[in-house]
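Every chain is numbered from 1, with letters handed out A, B, ... down the list of sequences.
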Protein chains: 2
Amino acid sequence: MATIQDVAQLAGVSKATVSHVINDTRPVTPATRQVVLDAIAQLNYRPSAIARSLNTNVTHTIGVLVADITNPFFSGLVRGVERQLSLQGYNLIVCNTDEDPEQEARYLDLLLAKRVDGLIVAPSGAAQPLFQQFSAYNTPLVFVDRHPDKPYGPVIEIDNFAAGYEATKHLIRWGHRRIAILSRNPTLSTARGRISGYSKALQAHGLDVDETLIQVTGITLEAAVTNALRLLDRPDRPTAVVTTNHIMTLALLRALRERNLDCPTDISLVGFDDHPWASLFTPPLTVIRMSISDLSNAAVGTLLRAIECRTQGQGGDLSAECTPDVVLPAELVVRASCAPPASPAGPTVRRASLPT
Amino acid sequence: MATIQDVAQLAGVSKATVSHVINDTRPVTPATRQVVLDAIAQLNYRPSAIARSLNTNVTHTIGVLVADITNPFFSGLVRGVERQLSLQGYNLIVCNTDEDPEQEARYLDLLLAKRVDGLIVAPSGAAQPLFQQFSAYNTPLVFVDRHPDKPYGPVIEIDNFAAGYEATKHLIRWGHRRIAILSRNPTLSTARGRISGYSKALQAHGLDVDETLIQVTGITLEAAVTNALRLLDRPDRPTAVVTTNHIMTLALLRALRERNLDCPTDISLVGFDDHPWASLFTPPLTVIRMSISDLSNAAVGTLLRAIECRTQGQGGDLSAECTPDVVLPAELVVRASCAPPASPAGPTVRRASLPT
DNA sequence: CTGTTAGCGCGTTCAA
DNA sequence: TTGAACGCGCTAACAG
């Protein structure tokens with residue numbers, strides 16, 4: 001592949017001139033500029049981003065670490081992030097971790113080596129010493145959707161507590177008293193928030209929190225189905241379930257089908273994540289919807305701002321000021337997957353006692 | 001960030017020795033090796049992949065160009081590719097093109113500048129002069145799922161013709177005579193193959209091909225819904241539809257709901273792509289299933305082989321021999337979304353006349 | 001307005 | 001077994 005040297009030679013000028021023509025970084029006579037451009041075209045020359053990065057210390061590359069790009073939530077996130085960043089001339093290295101801390105660490109190491117300009121992470125929840133490296137090396141880190149216990153950077157997330165609270169409240173209003181929740185492990189900040197919103201809603205309405213109705217599981221559909229079946233096979237089967245992501249929702253639906261139970265007749269359901277098929281199900285699914293594009297826009301905005309801050313204020317903690325955490329709202333979308341419990345319910349909750 | 005120089009200085013050795021310790025590329029005394037390793041650990045040193053790439057001419061980075069990572073088919077593909085490549089020490093730059101030829105071109109240019117080691121592309125179908133650049137620069141190109149008219153590299157795809165044929169044949173066997181197809185534009189090789197399989201199946205069973213029953217559309221759900229409604233609103237409404245990807249399937253389902261029609265009573269359906277929710281629908285969906293992991297494995301395998309070939313045989317066309325095209329099978333998964341046509345059908349097709 | 005020179009951080013000859 | 005010197009392709013000082 002042709003180098004800048006080849007171009008310079010063919011055009012009969014110096015490398016510097018070629019460089020300045022390309023980057024428009026110093027005045028060049030129209031005549032010589034044209035000669036250079038011709039040479040470039042003739043040789044099909046393309047500047048090496050590698051060599052350029054080596055002495056500018058900028059790669060125009062952002063790393064994105066997510067658990068599972070197959071999950072529509074994350075693929076939507078990656079897409080949103082990609083779209084925003086490509087507009088700004090950045091591109092993306094996508095890393096799928098399967099929530100495996102080791103894989104996560106491997107990728108962090110690699111991204112460090114690649115000298116990415118920044119990182120957007122939906123972490124597994126495990127402690128990652130390498131996170132600190134990034135901030136030590138002045139490479140901004142933004143956490144999205146989830147965050148580790150000690151975030152080394154701004155956190156962009158939805159209000160998981162409120163979402164869990166609203167979902168549960170909705171079921172309580174329908175008269176349900178035995179409400180289960182199917183969730184990811186509470187090692188994830190999202191699961192923690194949603195479960196505590198669920199618990200708080202129960203308590204606020206005078207209902208006991210039955211720990212055995214809180215079923216947590218790993219990332220696979222199969223594991224979630226097992227947990228869902230466990231719920232359905234109880235003698236005191238719950239009359240309603242909150243499923244905290246789309247995998248859990250699918251798992252519950254599959255379990256219902258296996259046990260020949262009907263939604264909402266036998267079980268009412270409030271899910272999370274409003275995918276295109278959610279409204280096409282029989283019955284259409286009541287879900288908590290969050291704006292994935294808002295989430296990705298906020299993440300990208302925050303990251304780019306952090307990159308800006310970095311170049312200016314050399315003092316480490318200054319960046320924290322210009323990149324605050326962001327908490328986005330989530331909304332309840334009411335459809336037909338909720339109904340009153342079939343079995344005689346307890347006393348209807350008085351409306352007056354409902355919190356706002 | 002610490003450089004190899006810093007490490008050498010701290011360890012009291014030369015840069016060369018540090019380099020050889022890191023890459024294990026020449027014998028080093030255990031003692032000095034340890035000293036070097038200590039220095040590396042102490043400084044938290046990480047070799048710069050940039051500098052390394054500059055003189056090895058290898059980036060260990062692969063570009064993946066897809067239309068829409070939000071589409072479960074492509075996200076599955078990206079995931080499979082990512083998994084395989086990370087095992088081999090490569091990582092991925094993901095590029096979302098939205099099937100916009102200009103965006104596609106922009107990304108190709110960028111990947112060229114980044115000097116990726118190879119490229120996996122699901123192209124938009126438009127002519128891309130830059131494809132030729134890659135092969136000219138000896139950077140292997142693999143086309144997956146789709147291919148342009150003049151592929152500049154091996155093509156990995158499923159047998160779209162057979163898939164379209166089987167889907168249609170299945171509906172014919174149920175006694176349908178007015179069968180429509182909802183498809184992407186025939187600029188895509190996949191759409192062309194599926195539609196011609198559909199047409200051929202009709203002809204092979206003595207049915208006429210009604211061009212107006214072939215509805216083609218762009219990538220968006222909205223556009224597909226419009227086309228689906230157009231089909232449903234005909235006076236001679238088709239009794240069955242083949243939907244050639246998951247967007248088309250969702251579009252048809254949404255249109256059915258809007259028109260208050262039932263599947264399979266009013267319309268039988270064979271879709272493409274077997275996503276987790278397909279079997280949970282009411283009714284469960286009959287679909288053409290393809291193995292995304294087979295597809296991505298074949299793509300990665302072929303690409304890595306091409307990279308190998310490249311380093312060995314310098315002669316351009318040699319690579320074509322060690323990286324043949326791959327055509328993978330697709331299978332029909334029979335579920336409940338097909339039934340005999342409600343209106344009095346034409347004469348039942350005689351089984352004996354069915355092709356194998 | 002243009003050319004010369006010196007690195008960026010690393011791998012890799014060639015000597016020792 | 002080790003070190004010194006050169007170059008990968010480019011940008012950025014400094015001269016002219």
Side-chain angles (χ1 to χ4, degrees), chain A residues 1-37 39-40 43-61 109-110 112-117 137-139 311, chain B residues 1-37 39-40 43-61 89 110 112-117 137-139 311:
Chain A
M1 182 166 317
T3 76
I4 200 174
Q5 177 70 300
D6 302 330
V7 175
Q9 211 162 323
L10 180 61
V13 298
S14 73
K15 294 189 303 176
T17 303
V18 177
S19 174
H20 286 124
V21 166
I22 292 170
N23 301 310
D24 204 29
T25 177
R26 142 174 130 177
V28 175
T29 303
T32 58
R33 145 166 283 129
Q34 195 53 51
V35 176
V36 170
L37 289 177
I40 288 178
L43 294 173
N44 258 317
Y45 168 71
R46 244 154 252 290
S48 159
I50 315 243
R52 183 176 292 179
S53 290
L54 188 59
N55 57 1
T56 55
N57 258 326
V58 172
T59 54
H60 284 291
T61 301
D109 195 66
L110 202 144
L112 221 39
K114 290 256 182 197
R115 305 294 195 263
V116 291
D117 292 343
Y137 292 158
N138 217 7
T139 302
T311 59
Chain B
M1 183 166 320
T3 76
I4 201 173
Q5 178 71 300
D6 302 329
V7 176
Q9 210 161 325
L10 179 60
V13 299
S14 73
K15 296 187 302 178
T17 303
V18 177
S19 173
H20 287 124
V21 166
I22 291 170
N23 302 310
D24 205 28
T25 177
R26 141 174 132 178
V28 174
T29 305
T32 57
R33 146 165 283 130
Q34 194 54 49
V35 176
V36 170
L37 291 178
I40 287 177
L43 293 174
N44 258 318
Y45 168 71
R46 244 155 254 287
S48 159
I50 315 246
R52 185 176 290 180
S53 290
L54 187 59
N55 59 359
T56 56
N57 257 325
V58 172
T59 55
H60 284 290
T61 301
L110 202 145
L112 220 40
K114 290 256 181 198
R115 305 293 196 262
V116 292
D117 292 343
Y137 292 159
N138 218 6
T139 301
T311 59

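Here the side chains of B/R115 and B/S53 are not in contact, with every heavy-atom distance at 4.5 Å or above. The shortest distance between side-chain heavy atoms of A/V13 and A/V35 does not fall below 4.5 Å. Side-chain contact check for B/T61 versus A/K114: some heavy-atom pair is nearer than 4.5 Å. Between A/I22 and A/R52 the shortest side-chain heavy-atom distance falls below 4.5 Å. Annotation: side chain of A/T29 is not in contact with side chain of A/R33 (no heavy-atom distance under 4.5 Å).
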Checklist line | Contact state string [nucleotides 7-13 of chain C, B base, S sugar-phosphate only, - no protein heavy atom under 4.0 Å] | finding: BBBBBB-

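The side-chain contact (heavy atoms from CB on, under 4.5 Å) check on B/A113 picks up A/A49, with sequence neighbours excluded.
A donor-acceptor pair under 3.5 Å is formed between the side chain of B/D117 and the backbone N or O of B/T59.
Using a 4.0 Å heavy-atom criterion, one finds that A/T32 contacts the sugar-phosphate atoms exclusively.
Atom-to-atom, CG of A/D6 to P of D/dC10 comes out at 9 Å; the value is rounded to the nearest Å.
Comparing the end axes of the helix from C/dC1-D/dG16 to C/dA16-D/dT1, each fitted to five base pairs by superposing C1' atoms of four pairs onto the next four, gives an inter-axis angle of 40° (nearest 10 degrees).
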Margin query: Could you go through A/D6 and A/K15, starting from their C-alpha distance and side-chain angles, then the distance that decides it, and tell me whether this counts as salt bridge (Lys or Arg N to Asp or Glu O under 4.0 Å)?
Written below: CA-CA 9 Å; A/D6 302 330; A/K15 294 189 303 176; over 6 Å; no

